[in-house]
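It should be emphasised that the depicted structure is a prediction, and the values quoted were computed from it without experimental measurement. Note on naming: letters A, B, ... go to the chains in the order of the sequence lines (proteins, then strands), and numbering restarts at 1 for each one.
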2 protein chains.
Amino acid sequence: MKINSEVIARTALRLLDDVGLDGLTMRLIAQDLGVRAPTLYWHVKNKQELLDAMATLVYVEAAERLEPPPDGSSWEDWLADWARQLRQAMLSHRDGARVLAGTYVNHEAVHRAVELNLRTLRDAGFTLSEAARGFPAVLHYTIGHTIEEQAHTSAAYGDDNPYTPERLAAMVDAERFPLTAQASTYLLGMDGDAGFEYGLRIVVLGLRAARQERERG
Amino acid sequence: MKINSEVIARTALRLLDDVGLDGLTMRLIAQDLGVRAPTLYWHVKNKQELLDAMATLVYVEAAERLEPPPDGSSWEDWLADWARQLRQAMLSHRDGARVLAGTYVNHEAVHRAVELNLRTLRDAGFTLSEAARGFPAVLHYTIGHTIEEQAHTSAAYGDDNPYTPERLAAMVDAERFPLTAQASTYLLGMDGDAGFEYGLRIVVLGLRAARQERERG
DNA sequence: AGCCCGCCTCTAACGACGTTAGGGAATCTA
DNA sequence: TAGATTCCCTAACGTCGTTAGAGGCGGGCT
């Protein structure tokens with residue numbers, strides 16, 4: 001296969017699942033492409049640019065299957081679905097959230113997704129500035145949650161993941177922190193999808209509440 | 001000064017502000033302590049453990065000045081203040097959010113903070129499980145927002161930060177993405193505190209709305 | 001045909017990194 | 001005083017991202 005920057009990024013993403021972000025080296029990527037490491041620098045300026053390209057691929061994966069809300073569907077469901085898709089895109093690669101976090105992705109599909117978010121919210125009765133400041137809140141929540149989740153469930157720990165519910169429960173002194181001990185199952189998104197969904201609902205409800213407060217003056 | 005793991009972590013945090021996370025090397029930290037790099041390994045198992053200790057310091061900085069809500073103050077204000085303090089702790093160090101993200105901090109002050117969050121919310125009428133799943137949402141939003149913010153304003157770019165409002169505006173095709181172009185100032189938390197505050201309000205309003213929905217059945 | 005030039009890959013190597021091995025001085029303990 | 005413990009050192013290993021510079025391979029010009 002002909003090598004170019006996108007092929008390199010796709011290969012890197014595939015290897016990422018095996019070795020994790022810390023194990024992802026230029027030499028390894030090159031080897032997988034049947035080439036030596038310096039060759040990559042003909043196609044890619046440096047490793048950071050490659051990481052940006054990987055982030056773009058992940059982001060675009062979620063953004064490009066985004067459709068305008070069908071008639072009769074609520075903006076709440078649509079927005080939540082967008083957050084779920086973004087989360088799934090991150091979860092579908094080891095350390096995906098870490099790769100994505102803090103990378104501004106400049107790609108047409110993403111602009112389209114942003115525009116679609118703004119339009120959907122505005123059509124639902126939000127001010128443009130409400131929409132423009134509100135939907136990043138969904139985004140930031142999603143990123144924050146997924147980073148934390150992937151860190152805790154990371155395959156980097158072999159068989160001794162320190163974040164099992166039992167270990168977490170053992171860490172806290174149930175005498176001094178009774179509520180924490182009692183709720184340790186729920187804490188820190190350790191229950192995966194359910195924890196994410198709960199927080200997502202909160203953010204969406206918050207958007208609605210913020211709009212209603214403005215409308216009531 | 002006598003060297004121990006905490007002194008090392010404090011030194012590392014101070015140096016972090018100058019050189020950034022990518023420039024923070026064991027040799028540099030050792031040099032600042034008047035010592036050679038291998039010496040650090042007498043006090044610290046490896047660099048990851050040191051990074052965890054740094055994250056703990058940042059987190060504790062926010063957690064330990066946390067007080068129970070004074071009489072007459074609302075849980076909304078108290079919770080928002082806690083989020084602001086956490087954010088300030090991250091912002092007060094270059095790459096602070098990246099250091100914190102994904103590190104489970106196991107320290108008494110943090111357990112205290114968690115317990116205080118749970119108790120405050122429960123006293124305000126939340127179920128324990130609502131509280132245990134709700135306050136991480138605030139946390140995750142705060143982390144997500146601050147990571148993104150610090151990435152965009154990073155001093156790693158010299159004088160050519162690609163995330164200035166003008167550059168972002170120039171990137172989007174105003175014909176095809178009119179709302180995005182129009183709202184580019186607000187997007188992605190580029191307006192710092194105001195953007196954070198807006199999202200924070202949304203999350204807090206969302207918590208209240210979620211509770212009300214349950215109460216109404 | 002002969003030539004050149006841009007494209008792409010190579011070998012070799014540089015400097016920096018995290019980390020380990022092993023030695024030695026000082027300080028505490030018995 | 002003898003031995004153990006604590007803390008720091010020098011030296012070095014293997015790996016990383018990255019650069020320099022040479023060369024092969026192809027298509028388009030003269």
Side-chain angles (χ1 to χ4, degrees), chain A residues 1-57 94-95 98-99 102-103 151 154-158 160, chain B residues 1-57 94-95 98-99 102-103 151 154-158 160:
Chain A
M1 176 160 33
K2 205 88 172 60
I3 291 181
N4 59 46
S5 64
E6 190 185 322
V7 169
I8 295 177
R10 302 208 106 94
T11 304
L13 267 184
R14 181 163 37 78
L15 290 173
L16 182 64
D17 295 337
D18 291 337
V19 299
L21 188 53
D22 296 335
L24 190 69
T25 70
M26 297 300 271
R27 283 172 171 86
L28 181 70
I29 299 165
Q31 188 187 34
D32 197 88
L33 288 164
V35 123
R36 307 293 187 133
T39 299
L40 299 181
Y41 287 85
W42 177 260
H43 305 278
V44 160
K45 200 173 77 201
N46 52 38
K47 192 179 184 182
Q48 187 54 54
E49 189 181 284
L50 171 56
L51 290 172
D52 288 355
M54 293 166 62
T56 300
L57 283 180
R94 162 125 83 120
D95 295 327
R98 261 171 79 200
V99 170
T103 310
S154 167
Y157 320 105
D160 58 328
Chain B
M1 178 164 25
K2 204 90 173 61
I3 292 181
N4 59 45
S5 64
E6 190 186 322
V7 168
I8 294 176
R10 303 209 105 95
T11 303
L13 267 185
R14 182 163 37 79
L15 291 173
L16 182 65
D17 295 338
D18 291 337
V19 299
L21 188 53
D22 295 336
L24 191 69
T25 70
M26 299 299 271
R27 284 172 170 86
L28 182 69
I29 300 165
Q31 188 185 32
D32 197 88
L33 288 164
V35 123
R36 308 292 188 135
T39 299
L40 300 181
Y41 288 84
W42 177 260
H43 305 278
V44 160
K45 200 174 79 204
N46 52 38
K47 191 180 183 179
Q48 188 54 55
E49 189 182 283
L50 171 56
L51 289 171
D52 288 355
M54 292 166 64
T56 300
L57 283 180
R94 163 126 82 122
D95 294 327
R98 262 171 79 200
V99 170
T103 310
S154 168
Y157 320 104
D160 58 328

Student: OP1 or OP2 of C:dT9 sitting under 4.0 Å from any side-chain N/O of A:His43?
Tutor: yes
Student: Tell me: CG of A:Asn46 to P of D:dT19, nearest whole Å?
Tutor: 8 Å
Student: Does A:Arg94 reach the main-chain N or O of A:Leu21 with its side chain, forming a donor-acceptor pair under 3.5 Å?
Tutor: no
Student: Using the side-chain heavy atoms of A:Trp42, tell me which of these nucleotides is nearest: C:dC8, D:dC8, D:dG17.
Tutor: C:dC8
Student: Which of the following nucleotides, C:dG18, D:dC8, C:dC10, is nearest to the side chain of B:Lys47?
Tutor: C:dG18
Student: Calculate the interatomic distance between B:Glu49 atom CD and C:dG18 atom P; express it in whole Å.
Tutor: 15 Å
Student: Output, in order, the C-alpha distance, side-chain angles, deciding distance and verdict of side chain to side chain contact (heavy atoms under 4.5 Å, CB included) for B:Asp32 and B:Leu28.
Tutor: CA-CA 6 Å; B:Asp32 197 88; B:Leu28 182 69; 5.9 Å; no
Student: Is it true that atom CD of B:Gln31 has more than 12 heavy atoms of other residues, nucleotides or ligands lying nearer than 6.0 Å?
Tutor: no
Student: Could you tell me whether B:Leu24 contacts a base, only the sugar-phosphate backbone, or nothing, with contacts defined as non-hydrogen atoms closer than 4.0 Å?
Tutor: sugar-phosphate
Student: Closest to the A:Pro38 side chain: D:dC8, C:dT19, D:dT19?
Tutor: D:dT19
Student: Report the distance from atom CG of A:Leu33 to atom P of C:dC8, rounded to the nearest whole Å.
Tutor: 14 Å
Student: Figure out the NZ/P separation between A:Lys45 and D:dT18, and round it to whole Å.
Tutor: 10 Å
Student: What nucleotide among D:dC8, C:dG18, D:dC9 has an atom nearest to a side-chain atom of B:Arg36?
Tutor: D:dC9
Student: Within a 6.0 Å radius of atom CZ on B:Arg14, are there more than 12 heavy atoms belonging to other residues, nucleotides or ligands?
Tutor: yes
Student: Are any of B:Thr25's side-chain N or O atoms less than 4.0 Å away from OP1 or OP2 of C:dC17?
Tutor: yes
Student: Quick one: B:Lys2 NZ to D:dC7 P, roughly how many Å, whole number?
Tutor: 5 Å
Student: Among the nucleotides C:dT9, D:dT6, D:dG17, which one has an atom lying closest to any side-chain atom of A:Met26?
Tutor: D:dG17
Student: Once you round it to whole Å, what is the distance between C1' of C:dT19 and CG of B:Leu51?
Tutor: 15 Å
Student: What is the distance, to the nearest angstrom, from the CG atom on B:Leu40 to the P atom on C:dT20?
Tutor: 13 Å
Student: Looking at A:Thr39, I'd like to know whether one of its side-chain N or O atoms comes within less than 4.0 Å of OP1 or OP2 on C:dC10.
Tutor: yes
Student: I want to confirm an ordering. Mapping B:Ala37 and B:Arg27 to their closest nucleotides on DNA chain D, which one lands closer to the 5' end?
Tutor: B:Ala37
Student: Flag the pair B:Arg98 and B:Asp22 as a salt bridge only when some basic side-chain nitrogen lies within less than 4.0 angstrom of an acidic carboxylate oxygen.
Tutor: yes
Student: Over all strands shown, is A:Ile29 touching base, sugar-phosphate only, or nothing at heavy-atom distances under 4.0 angstrom?
Tutor: nothing
Student: Rounded to whole Å, how long is the line connecting atom OH of B:Tyr41 with atom C1' of C:dG23?
Tutor: 20 Å
